[in-house]
Amino acid sequence: MKIEDKIETFNSLIKRRGFIWGPSPEIYGGLSGFYSYGPAGMALKNNILSIFRRELRYFGFGEVECPTIMPEIVWKASGHLERFIDPILKCSKCANLLRADKFLQEMFPDRMIDGMSYEKMEQLILDNKISCPKCDTLFGKIEEYNLMLKTQVGAGNTVYMRPETATTTYLLFNRLDQDARKQYPIRVFQYGKAYRNEISPRQHVLRMRAFDQFELQFFISKEQEMQFEDYEDIKDAVLPLLDWKMQDDNLSEPKMTSLHEAISNGTLKKPAFAYCMYLGYYLTKILGFTEDSIRFRQHSPNERAHYADDAWDLEIETNQFGWVEICGIHDRTDYDLKCHGKFANENFEIAMGSDPKNKEIPQILEIAFGPDRIIYTLLETLFEVEEIKTKTKVDQRIVLKLGLELAPNTVAVFPLKKNEERIKTLAKNIHKKLIENRINSFYDEKGAIGKLYRRQDELGTPFCITVDFQSLEDETVTIRYRDSMNQERINIPEISDFLKKKINQ
RNA sequence: GCGCUCUUAGUAUAGUGGUUAGAAUCUCGGGUUUCCAACCCGAGGAGCCGGGUUCGAUCCCCGGAGGGCGCACCA
C-alpha cells in the first residue's frame, strides 16, 4: 500500500485515531463550526495544558476562571457589542451579502463612514441610489449581523456568550489588585471556552464557533513597560520577526532578530511587550514546533483590533492551510480598564510606583493562545510519512513525532507472541507496574509485533517495550524508540526509572 | 450567506432504477509467527436527513444538513 496524499492521510488519521471528530453531533449530520475531541486528542490537549500551567507558574502567573456568560453591559463597555455587530447590506434579489460600512466607505472615500448611524447610512444609500454590485438591484434597509452569541438568563435578561476570555479576566481587576497586594506587574491567565457566531466556519478546528482560549495578561504601569526587569534576562533572545513594513514590501520570510535589536531599531516599542513576545515564543517552542515553522507577523495599523496599540500574530506554517495564527500578542493599553472603570463607575487608578500620589490606570499586555489551533498545527507539522527499509521490502510508516511529554501514551508494552502465556503474563505485569508508577503505559497484544509498533507510531508513542523469550530467562526487555526505530535491552526492574530519566532529559 | 461541487462500513473507496451493495484497509474470534502493517480460517460493519417521481430510489427530481473550492466574512 503506497500512501499517496499526505494531507488526506493526515486528515483521516486525526479521525481514525481519536484525535478530533466532527462537526458534532455527527450522528445528526453535524452543526458547522463545532468539533469534539476523542481520547487521544484530549490526552494531547491535557498534556499541553499541564505544560503551560507548569511553565507559567515558573513565570509567576496565577490562574483564574470566569463565567462564559456575561450580561450585556460588559460587552457594551468592552466595545464588543459595537464592534462585533456588523451592519450588513443584503441584496433582495441575489442574496449577496456586504459589509455596509466598508462598502459605503469604498463608494464614498471622502466621507467619514465610521461611526455613522444606521439611519444616516440608509439615507446615503437612498439618496445616491446605491445598488448591488452583482445584479444592480437597489439596496434597502441595513441589517445587523451579530458575531456574539446571544441568549437569555432568567426572565428575559439578554446575555452574551463571551467572544474572548480576556475581558472576563479584566472584570476581576480590583480583586486581583488586592490579591496581588499591588505588586505590579500582576500576571494572570485564564483558560476556557469562547464563542463566536462565525458566518461560515471553515478550516476544521481553526475557525470554530466554540473554541478554547488560553490568555495571559500583564497588568503593568507605563514606567514598568519601558523599564522591565525581566527583559534584561531575555533581551538577547532571537525571534523570527516579520513587521508590517516588511509585509508592505511583499516579504513573507521573517528575519531572525534579537529583541534588543528590535527595541533599538523601533520595531518594538516597549521592553515589556518584547518580553511578551519572548514568552509566546518560549511556550510555543517548548511544545516542539520546529524553528522554521514559526514566525511573528505584525498587524498593520488598520488590521489591528479596536483595543490594540500593537499586535503580532505568532504563526505556524502548515501544509494544508498555509500560515496559521496560534497566538496573538497585543498591547491593549489601558483601553479595557478605562472602559470598564467608566461603565462600572469604579476607580481603577492605582499607585503602582513608590509615590502613592502618582496614580494611573494599568496598561494591559496580552498573550492569547488558541489551544485548538495549537493542537491542529502541532499534529500537522509533526506528522510524517516515512520510507522504511525492512528485510524484505521498502515500506512506509505514519509517525507523529510528538514530544515525550505530549504523546497520549508515553510507552506501550507488548508480548512478542500473544499465544505464549508466560510472555503475556510478564508483559501485563510490566504494564501494571508502569501504570502503578503513574507512567502513561498502554498494553496491546492484538496483532503481529510490527503492527503493534506501527499503531503506536501513529499515536506518537515515543517508547515501546517488548517482552520476548529472553525476558523469561534474564529479566530484560527490548525498548524500541519511535523516531529511530532502534532497540536496546534494558532490565525489567529499571524500566520506570529509565523512562522517567528519558522524559526529564 | 451566495455560486460551483461533493456526501456509500471506523478510514479511504467501487458500482447499480430491480435477488444478498463489491473489493481494500479496519475491528473481533481462532490458527501460525522468536521484533517492524506477513500469512491462513471464520465473523462484523455502509449509500447524510426529509419529501417527490416510480410497481420499486443508494442511484432521478426538490428541499435541508455537512464537507471542499471561489466570493464575502474572519474584532
Side-chain angles (χ1 to χ4, degrees), chain A residues 1 3-5 7-9 11-18 21-34 38 75 78-86 88-91 93-99 102-103 132-135 143 145 147-148 163-164 166-167 194 196-204 206-209 299 303-308 311 320 325 328 330 388-393 395-398 414-420 423 446-458 464-472 477-480 482 485-487 489:
Chain A
M1 178 181 61
I3 300 163
E4 297 286 353
D5 191 328
I7 285 175
E8 291 296 313
T9 309
N11 289 340
S12 86
L13 175 83
I14 59 178
K15 281 187 258 184
R16 255 178 36 236
R17 298 315 307 267
W21 293 317
S24 301
E26 287 187 278
I27 62 165
Y28 290 108
L31 188 55
S32 185
F34 296 90
W75 310 113
S78 70
H80 286 89
L81 206 56
E82 192 186 325
R83 299 290 178 152
F84 266 50
I85 296 180
D86 292 332
I88 54 168
L89 282 167
K90 206 171 180 176
C91 174
K93 196 177 159 201
C94 71
N96 190 19
L97 205 66
L98 290 165
R99 266 285 292 274
K102 288 194 177 177
F103 178 63
C132 174
K134 270 193 182 168
C135 70
E143 294 173 49
Y145 186 84
L147 221 52
M148 282 197 292
E164 62 164 13
T167 285
R196 288 179 199 182
N197 192 20
E198 300 285 354
I199 294 177
S200 67
R202 272 181 203 183
Q203 302 188 317
H204 201 245
L206 299 186
R207 246 176 95 198
M208 290 195 283
R209 284 174 167 146
H299 285 202
E303 188 185 355
R304 279 184 216 143
H306 60 282
Y307 48 69
Q320 192 158 208
E325 176 195 355
H330 307 123
I388 52 167
K389 287 192 183 90
T390 63
K391 279 176 205 152
T392 48
K393 60 188 170 179
D395 205 356
Q396 286 175 301
R397 67 163 184 160
I398 293 167
F414 314 131
L416 185 59
K417 287 187 70 179
K418 67 174 171 184
N419 53 3
E420 192 71 38
I423 288 181
K446 302 268 187 282
I449 190 67
K451 180 172 240 170
L452 297 174
Y453 287 143
R454 302 296 181 83
R455 256 189 214 135
Q456 295 306 313
D457 287 344
E458 281 190 339
C464 291
I465 283 170
T466 300
V467 176
D468 57 17
F469 287 94
Q470 191 184 331
S471 308
L472 299 173
V477 289
T478 61
I479 182 162
R480 177 257 197 192
R482 176 192 67 201
M485 294 173 68
N486 290 336
Q487 298 184 8
R489 287 201 89 82

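Lettering of chains follows the sequences in order, A, B, ..., and the numbering in each one begins at 1.
Listed by chain and residue number, A:Arg16, A:Arg17 satisfy the salt bridge (Lys or Arg N to Asp or Glu O under 4.0 Å) test with A:Glu458 (two or more places apart in sequence, or in another chain). With sequence neighbours excluded, the residues forming a salt bridge (Lys or Arg N to Asp or Glu O under 4.0 Å) with A:Glu164 are A:Arg332, listed by chain and number.
You'll find a donor-acceptor pair under 3.5 Å spanning the side chain of A:Tyr453 and the base of B:C35, going by distance alone. At a cut-off of 3.5 angstrom, the base of B:C36 holds at least one donor-acceptor pair with the side chain of A:Arg480. Judged by distance alone, with hydrogens and angles left aside, A:Thr9 brings no side-chain donor or acceptor close enough to the base of B:A12 to form a pair under 3.5 Å. The base of B:C35 sits within donor-acceptor range of the side chain of A:Thr478, with an N or O pair under 3.5 Å. The base of B:A37 sits within donor-acceptor range of the side chain of A:Arg454, with an N or O pair under 3.5 Å.
For A:Lys451 and A:Asp457, the salt-bridge test fails: no basic side-chain N is under 4.0 Å from an acidic carboxylate O.
A:Ser32 comes within 4.0 angstrom of the backbone, heavy atoms only, and of no base. Counting any heavy atom pair closer than 4.0 Å across all strands shown, A:Gln456 reaches no nucleic acid atom. When heavy atoms are screened at a 4.0 angstrom cut-off, A:Ser12 is found touching the sugar-phosphate backbone but no base atom. Residue A:Arg455 is classed as a sugar-phosphate contact, given heavy-atom separations below 4.0 Å to backbone atoms only. At a threshold of 4.0 angstrom between heavy atoms, the contacts of A:Asp457 with the nucleic acid are absent. Here A:Lys417 lies in heavy-atom contact (under 4.0 Å) with a base. Within 4.0 Å (heavy atoms only), A:Gln487 reaches at least one base atom of the nucleic acid.
Applying the 4.0 Å criterion to OP1 and OP2 of B:U32, one finds that A:Lys418 has every side-chain N and O outside that range. The side chain of A:Lys15 contributes an N or O atom lying less than 4.0 Å from OP1 or OP2 of B:A12.
Its glycosidic angle being within 90° of 0, B:G47 falls on the syn side.
Cation-pi contact between A:Arg209 and A:Phe34: absent, since separation from the ring centre below 6.0 Å together with deviation from the ring axis within 45° is not met.
Base-pairing analysis of RNA chain B finds the following stems of at least three consecutive Watson-Crick or G-U pairs, with both pairing distances under 3.5 Å: B:1-7 with B:65-71, B:26-31 with B:39-44, B:48-52 with B:60-64.
With respect to A:Val467, the side-chain contact (heavy atoms from CB on, under 4.5 Å) criterion is satisfied by exactly one of A:Thr478, A:Ile423, A:Leu416: A:Ile423.
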